[in-house]
Amino acid sequence: MPPVGTVSSVTTNSPAERADQADQADQAAKAAQAAQATKTERAEQAQQAEQAGESTESLAARILGLLLPHRRASDPELDATPDHFPFQLEQLADFIAAGDPILFTLPGFPCKSPNPAKVLGHLPDEGERLSLTFLNRLCQEIGALYEPGAQILICSDGHIFGDLINVPDDHIDDYSDELAAMIEREGLIHLATYDLRAVLGNLPFDEKRARVHAQYAPSVEELREQVLTDEETLRLYRGITRFLTEDTVGFTGTKSALQRECRRRAYGVIQRSRAWGDLIAEQHPRSFRLSIHPQKAGVLKFGIRLLEAADAWMTPWHSSVLHRADGRWELLRSQDAAEVGRLVERDGRPSHYEIV
């Protein structure tokens, strides 16, 4: 099997085309030299900052301190400090020592839930806009501490498991395209998006999913063993099973049959999610991995909370957002938000609820 993301081709070029290519190669070489000069300058600035009094380790801890108030934790009883996250501190110190912008990768923002009781439609709404604005602002805050700044690459995972959650690929495309348009409209310059369309050329999505699964996914047997022995995997399995059960619309079998079906699909979703995460790590090996799922301190992923919600697992794509009278925004099931607030539209589409 060819490596994921590669495309092979054979071309024959004319002399004019070869001349153009030579010119492009020369321009690329000059750009690479300029980039290297900039990188060297940033590394010198980082060294000067350390000599001026603040160590790389101290700055890394201050940057991590900006993330801690927004941590999505599976150990909420822990009064977490930067010292509880040695792996993340090491990653940040590596960026700082090199004088490079910090790159965060965040798998998430897949598509809207297919359950109309939970969401307002299949396109991003105010919940996504507020979440993206928050992430961009977090990068701005990091930039105020560390001049090279930070970028967040949102790795939309809808296509990777769309067939398992019963959301059509065209709805996922619509969601991802509107998400990118929202980032552009709002001027969120620290954010970018990445999804399965950027992988394996123009192959059909079913074939892309199959190839990524075959190359990166753990076996079902491995996952079953982890569910039995690892508390975090068990918590993830139960959370995804619950989402699948809630989001299955029009099932005609018994409740027990639905639960069996959703437990089976939950293993598939975890397999595909792990595969997507490994592909991202391969494509972006030097990145700080964020997660929209609750995480313990000390693990490789740092859980990030996008908006306030009573349920630690709730996200903008599984809910609607309610604007409360005191100015707070809260994620709720659309059905629940409709009971206490009035619907607000933007650009002719349902956006959120508000309490007047």
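Of all the heavy atoms in Tyr175 and Pro110, the pair that sits closest is CD2-O, 3.7 Å. Closest approach of Pro69 and Arg305 over heavy atoms only: O-NH2, 3.0 Å. Nearest heavy-atom pair across Ala80 and Leu68 is O-CD1, 3.9 Å. Contact record, Leu191 with Ile183: O-CG2, 4.0 Å, taken as the closest heavy-atom pair. Closest approach of Leu78 to His84, counting heavy atoms only: CD1-NE2, 3.7 Å. Between Leu132 and Leu188, the shortest heavy-atom contact is CB-CD1, 3.6 Å.
The one candidate from Arg72, Lys118, Arg333, Arg242 that meets the salt bridge (Lys or Arg N to Asp or Glu O under 4.0 Å) condition with Asp311 is Arg242. The only member of Glu126, Glu354, Glu128 that meets salt bridge (Lys or Arg N to Asp or Glu O under 4.0 Å) when paired with Arg346 is Glu126.
Looking at Asp163, its side chain never comes within 3.5 Å of a backbone N or O of Asp206 through a donor-acceptor pair. Looking at Arg71, its side chain does come within 3.5 Å of a backbone N or O of Gln295 through a donor-acceptor pair. Proximity of a side-chain donor or acceptor of Asp75 to a complementary backbone N or O of Lys296 within less than 3.5 Å is not detected. Between the Arg235 side chain and the Pro294 main chain, no donor and acceptor come within less than 3.5 Å of each other. No side-chain donor-acceptor contact under 3.5 Å links Asp157 to the backbone of Pro107. Proximity of a side-chain donor or acceptor of Trp276 to a complementary backbone N or O of Val212 within less than 3.5 Å is not detected. A distance-only check finds a donor-acceptor pair linking the side chain of Arg272 to the backbone of Ile160 [under 3.5 Å]. Side chain of Asp230 to backbone of Thr233: a donor-acceptor contact under 3.5 angstrom is found. Checked by atom type and distance alone, the side chain of Ser287 never pairs as donor or acceptor with a backbone atom of Arg289 at under 3.5 Å.
In terms of hydrophobic clustering, with Ile, Leu, Val, Met, Phe, Trp and Tyr side chains grouped at heavy-atom distances under 4.5 Å, Val119 and Leu179 are assigned to different clusters. Residues Val299 and Leu290 fall into different hydrophobic clusters, defined by Ile, Leu, Val, Met, Phe, Trp and Tyr side chains chained together at heavy-atom separations under 4.5 Å. A continuous path of hydrophobic side-chain contacts links Leu234 to Ile270 [ILVMFWY only; heavy atoms under 4.5 Å]. Under the 4.5 Å side-chain heavy-atom criterion for Ile, Leu, Val, Met, Phe, Trp and Tyr, Leu67 and Leu307 are members of distinct hydrophobic clusters. The same ILVMFWY cluster, assembled from side-chain heavy atoms under 4.5 Å apart, contains both Leu145 and Leu92.
Between Leu64 and Phe288, some side-chain heavy-atom pair lies under the 4.5 Å cut-off. Side-chain contact between Tyr146 and Ile96 is present, with heavy atoms from C-beta onward closer than 4.5 Å. Two residues are said to be in side-chain contact when any heavy atoms from C-beta on lie closer than 4.5 Å; His70 and Phe134 meet this criterion. Residues Asp100 and Arg286 form a side-chain contact, since some pair of their non-hydrogen atoms from C-beta on lies under 4.5 Å apart. Ser156 has its side chain within reach of Ile154: a pair of non-hydrogen atoms, C-beta onward, lies under 4.5 Å apart. In this structure, Arg264 and Arg260 have side chains that are not in contact, with every pair of non-hydrogen atoms separated by 4.5 Å or more. Counting heavy atoms from C-beta on, the side chains of Val167 and Phe161 never come closer than 4.5 Å. The shortest distance between side-chain heavy atoms of Leu332 and Glu330 falls below 4.5 Å.
A donor-acceptor pair shorter than 3.5 Å can be found between the side chains of Asp169 and His159. Side-chain contact check for Gln271 and Tyr216: no donor-acceptor pair (N or O, by modelled atom type) lies under 3.5 Å. If you check the side chains of Glu232 and Ser74, you find a donor sitting under 3.5 Å from an acceptor. Judged by distance alone, the side chains of Asp125 and Ser351 never bring a donor and an acceptor atom under 3.5 Å apart.
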task: Could you walk me through whether Thr193 and Leu153 pass side-chain contact (heavy atoms from CB on, under 4.5 Å), step by step?
output: CA-CA 6 Å; Thr193 60; Leu153 182 64; 5.9 Å; no

Residues Ile292, Leu106; criterion side-chain contact (heavy atoms from CB on, under 4.5 Å); working and verdict: CA-CA 8 Å; Ile292 54 90; Leu106 176 59; 3.8 Å; yes

- request: Show the numbers, then the answer: is there a side-chain contact (heavy atoms from CB on, under 4.5 Å) between Leu331 and Leu322?
  value: CA-CA 6 Å; Leu331 294 174; Leu322 174 69; over 6 Å; no

- prompt: After noting the C-alpha distance and the side-chain angles of Asp247 and Arg265, does the key distance pass the salt bridge (charged side-chain N to carboxylate O under 4.0 Å, His left out) rule?
  reply: CA-CA 12 Å; Asp247 289 357; Arg265 285 192 283 139; over 6 Å; no

Salt bridge (charged side-chain N to carboxylate O under 4.0 Å, His left out) between Arg185 and Glu178, worked out: CA-CA 10 Å; Arg185 283 197 306 270; Glu178 177 57 24; 2.7 Å; yes

message: Walk me through whether Arg349 and Glu345 qualify under salt bridge (charged side-chain N to carboxylate O under 4.0 Å, His left out).
response: CA-CA 5 Å; Arg349 293 204 315 263; Glu345 291 191 352; over 6 Å; no

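Environment of CD in Glu231: sparse, with no more than 12 heavy atoms of neighbouring residues, nucleotides or ligands closer than 6.0 Å. Applying the 6.0 Å contact sphere to CG of Asp170 captures more than 12 heavy atoms from other residues, nucleotides or ligands. In Glu184, the CD atom is not crowded: 12 or fewer heavy atoms of neighbouring residues, nucleotides or ligands sit closer than 6.0 Å. Within a 6.0 Å radius of CD in Glu90, other residues, nucleotides and ligands contribute 12 heavy atoms or fewer.
Geometric assessment of Arg224 against the ring of Tyr267 yields a positive cation-pi assignment under the 6.0 Å and 45° thresholds.
Using the six-membered ring where Trp is involved, Phe243 and Trp313 have ring planes that are perpendicular, over 60° apart on the 30 and 60° scheme.
Proximity of the aromatic rings of Trp329 and His352 is defined here by a centroid distance below 6.0 angstrom, and this criterion is met. Aromatic pair Tyr353/His323: centroids not less than 6.0 angstrom apart.
Atoms CG and NE2, from Leu103 and His284 in turn, are 7.0 Å apart once rounded to the nearest 0.5 Å. Expressed to the nearest 0.5 Å, how far CG of Leu66 lies from SG of Cys139 amounts to 10.5 Å. Taking CG of Asp177 as the start and CG of Asp195 as the end, the distance is 8.0 Å to the nearest 0.5 Å. Atoms CG and NE2, on Asp173 and His122 in that order, are 10.0 Å from each other to the nearest 0.5 Å. Rounded to the nearest 0.5 Å, atoms OG (Ser131) and CD1 (Ile304) are 10.5 Å apart. In this structure, Leu258 CG and Thr241 OG1 are separated by 10.5 Å, a value rounded to the nearest 0.5 Å.
Salt-bridge formation is detected for the pair Arg328/Asp326: a Lys NZ or Arg NE/NH1/NH2 atom is positioned less than 4.0 Å from an Asp or Glu carboxylate oxygen.
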